[in-house]
2 protein chains.
Amino acid sequence: MARVGLSVQRLVAAAAELADEAGFDNLSVSALARRFGVKDASLYSHVRNLQDLRTRLALHAGGELIDRIAAAVAGRAGKEALTAFAGAYREYALEHPGRYAATQIRIDQALIADSPALRRTAEITYGMLRAYGLAEPDLTDAVRLLRSTFHGYCVLESAGGFGADRDVGASWDKAVDALHITLEHWPRERKSDD
Amino acid sequence: MARVGLSVQRLVAAAAELADEAGFDNLSVSALARRFGVKDASLYSHVRNLQDLRTRLALHAGGELIDRIAAAVAGRAGKEALTAFAGAYREYALEHPGRYAATQIRIDQALIADSPALRRTAEITYGMLRAYGLAEPDLTDAVRLLRSTFHGYCVLESAGGFGADRDVGASWDKAVDALHITLEHWPRERKSDD
DNA sequence: CCCACTTCCTAGATGCTCTAGGATTTCTCC
DNA sequence: GGAGAAATCCTAGAGCATCTAGGAAGTGGG
């Protein structure tokens, strides 16, 4: 019967390619099996179900994303770090739309807890913001603002949501500049005096 | 045979409820037919296909959203308008997750062009920003930043993406404050003199 | 070489989208 | 009120997806 040599790793890798090519919504067990020249049912020995496949892809993509960001941010601080972070983030989202879409799905909290990638993401993000001298809860608020803006921009851009006749990359650079200014002029939590 | 009295309007209204209850991804023709106690095939007299149903829901929800925003913004300007805009936006997204998710889908440009709701959205957004005295291309850049942040925040929040132990509403208020500051300190396009 | 394990298969249940064509109710207009 | 037109809802069925159960054929260790 000439085995193809399936494994969870190969499945996830192929799923990543498939998602990038056909869109995350069109990632199906059938399509993945077709890509390996194998029957659908065969994949269920390696992956529990479609949900499981998606989750694995999400964690895989999350890891790739944070690796890129970490490499870009390494050795930089302040505005340089912010720009590098943002650039790596958007680049990955545009380069791998299917993988990026995968990172948006809801994942079981238990899996998140022991996913080193996602913890690393938090560390790097908070670390980058330390240069701006924010304390909690402002720090968490700032992280949420950054995540929202980056994520929202990439989603809207890759969905073709920006119709106006203005270079999308230029708007991004401006947005990052604006965020830098925001972080420097952050409306800090008052310390009960005044 | 006792007709139920289907119509496009009733279908879209029921689809909106269904999407809010079961999630936009679980909005299916079958489920909608079940809700009316009718066979799947019957719906295809009113709606071309699932894609068509989704698009109609998206336009419907987009209209509802901008109506709320318009009502909130009316008679306000500057920071007050921004806060009202943001509040109405987030409120709708949290109150109607399925409808809000529908507004995110890609829609044919032709349909967008003759959708009064979406044009109104652009008008109101640009109008609100006029108070900050920005000129193009800064104006478009600012609109993109606002949309990205609002959208990204609501998506992440309703997906449970904010795990930290900090009130999500407080972070939102802070983000809106931060955006206001950003708009006031906007890094304007230089006019060729230094 | 044999046994256990893994890989991949066939077969089939279930659920979804969507088309074709028919029947029945409701509307329209004289 | 009644006949023709139109709209509404139906049955039947094709096609494709997920997923389970159980079986056959490769693979590796002792």
Side-chain angles (χ1 to χ4, degrees), chain A residues 1-60 98-99 101-102 104-108 111, chain B residues 1-60 98-99 101-102 104-108 111:
Chain A
M1 285 279 147
R3 301 198 176 177
V4 189
L6 299 181
S7 68
V8 185
Q9 289 75 21
R10 290 195 63 198
L11 285 186
V12 172
E17 291 175 15
L18 183 57
D20 283 340
E21 291 166 17
F24 182 69
D25 297 332
N26 295 324
L27 170 63
S28 69
V29 177
S30 318
L32 194 56
R34 231 173 283 133
R35 178 168 284 233
F36 280 103
V38 144
K39 297 293 175 185
D40 322 3
S42 305
L43 301 199
Y44 288 88
S45 312
H46 304 274
V47 152
R48 230 192 358 255
N49 50 31
L50 179 60
Q51 168 78 21
D52 183 36
L53 177 65
R54 285 183 175 147
T55 302
R56 286 175 192 275
L57 176 56
L59 293 176
H60 175 72
R99 288 161 156 91
Q104 303 172 32
I105 67 173
R106 201 187 238 294
I107 294 185
D108 194 341
L111 286 175
Chain B
M1 286 277 149
R3 300 198 175 176
V4 189
L6 299 182
S7 68
V8 185
Q9 289 75 22
R10 290 194 63 196
L11 284 186
V12 172
E17 290 174 15
L18 182 57
D20 282 341
E21 290 166 16
F24 182 69
D25 296 332
N26 294 325
L27 170 62
S28 69
V29 177
S30 318
L32 194 56
R34 230 172 287 133
R35 177 168 285 234
F36 281 102
V38 144
K39 297 293 173 183
D40 321 3
S42 305
L43 301 198
Y44 287 89
S45 312
H46 305 275
V47 152
R48 234 199 345 263
N49 49 33
L50 179 61
Q51 168 77 21
D52 183 36
L53 177 66
R54 285 184 176 146
T55 302
R56 286 175 192 277
L57 175 56
L59 293 176
H60 175 72
R99 288 161 156 93
Q104 303 172 32
I105 68 172
R106 202 187 236 295
I107 294 186
D108 194 342
L111 286 175

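Just the heavy atoms: all of them, side chains too, but no hydrogens, waters or symmetry mates, feed the values below. The chains referred to below are lettered A, B, ... by the order of the sequence lines, with proteins before strands, and numbering in each begins at 1.
- If you take CG of B:Leu6 and C1' of C:dT26, they are 14 Å apart, rounded to a whole angstrom.
- Under the rule for a salt bridge (charged side-chain N to carboxylate O under 4.0 Å, His left out), B:Arg54 has no partner lying at least two apart in sequence or in another chain.
- Rounded to whole angstrom, the span from the CZ atom of B:Phe36 across to the P atom of D:dT8 amounts to 13 Å.
- When the side-chain contact (heavy atoms from CB on, under 4.5 Å) test is applied to B:Ile107, the partners found at least two apart in sequence or on another chain are B:Thr55, B:Ala58, B:Leu59, B:Ile105, B:Leu111, B:Ile112.
- In this structure, B:Leu32 atom CG and C:dC18 atom P are separated by 13 Å, rounded to whole Å.
- Only at 4.0 angstrom or more do the heavy atoms of residues 16-25 of chain B sit from any atom of DNA chain D, so none qualifies.
- Under the side-chain hydrogen bond (donor to acceptor under 3.5 Å, both in side chains) criterion, no residue pair touches residues 24-33 of chain B, with sequence neighbours excluded.
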Residues 38-47 of chain A, side-chain donor-acceptor partners within the protein, below 3.5 Å, at least two apart:
unit_1	atom_1	unit_2	atom_2	d
A:Ser42	OG	A:Lys39	O	3.3
A:Ser45	OG	A:Ser42	O	3.4

For nucleotides 11-18 of chain D, 5' to 3', base contacts (B), sugar-phosphate-only contacts (S) and non-contacts (-) with protein non-hydrogen atoms under 4.0 Å give B-----SB
Tell me which donor-acceptor pairs under 3.5 Å the side chains of residues 11-21 of chain B have, and how far apart each pair is, sequence neighbours excluded?
unit_1	atom_1	unit_2	atom_2	d
B:Glu17	OE1	B:Arg35	NH1	3.3
B:Asp20	OD1	B:Gly98	N	2.9
B:Asp20	OD1	B:Arg99	N	2.9
B:Asp20	OD2	B:His96	ND1	2.9
B:Asp20	OD2	B:Arg99	NH1	2.3
B:Glu21	OE1	B:Arg35	NH2	2.6

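- Taking atom CD of residue A:Gln51 and atom P of nucleotide D:dT20, one finds them 13 Å apart after rounding to whole Å.
- For the pair A:His46 and C:dC8, the criterion of a side-chain N or O lying under 4.0 Å from OP1 or OP2 is met.
- Looking at A:Arg10, its side chain does come within 3.5 Å of a backbone N or O of A:Gly5 through a donor-acceptor pair.
- Counting heavy atoms from C-beta outward, A:Gln104 and A:Phe24 have side chains that stay 4.5 Å or more apart.
- For A:Asn49, the side-chain hydrogen bond (donor to acceptor under 3.5 Å, both in side chains) test picks out no residue, with sequence neighbours left out.
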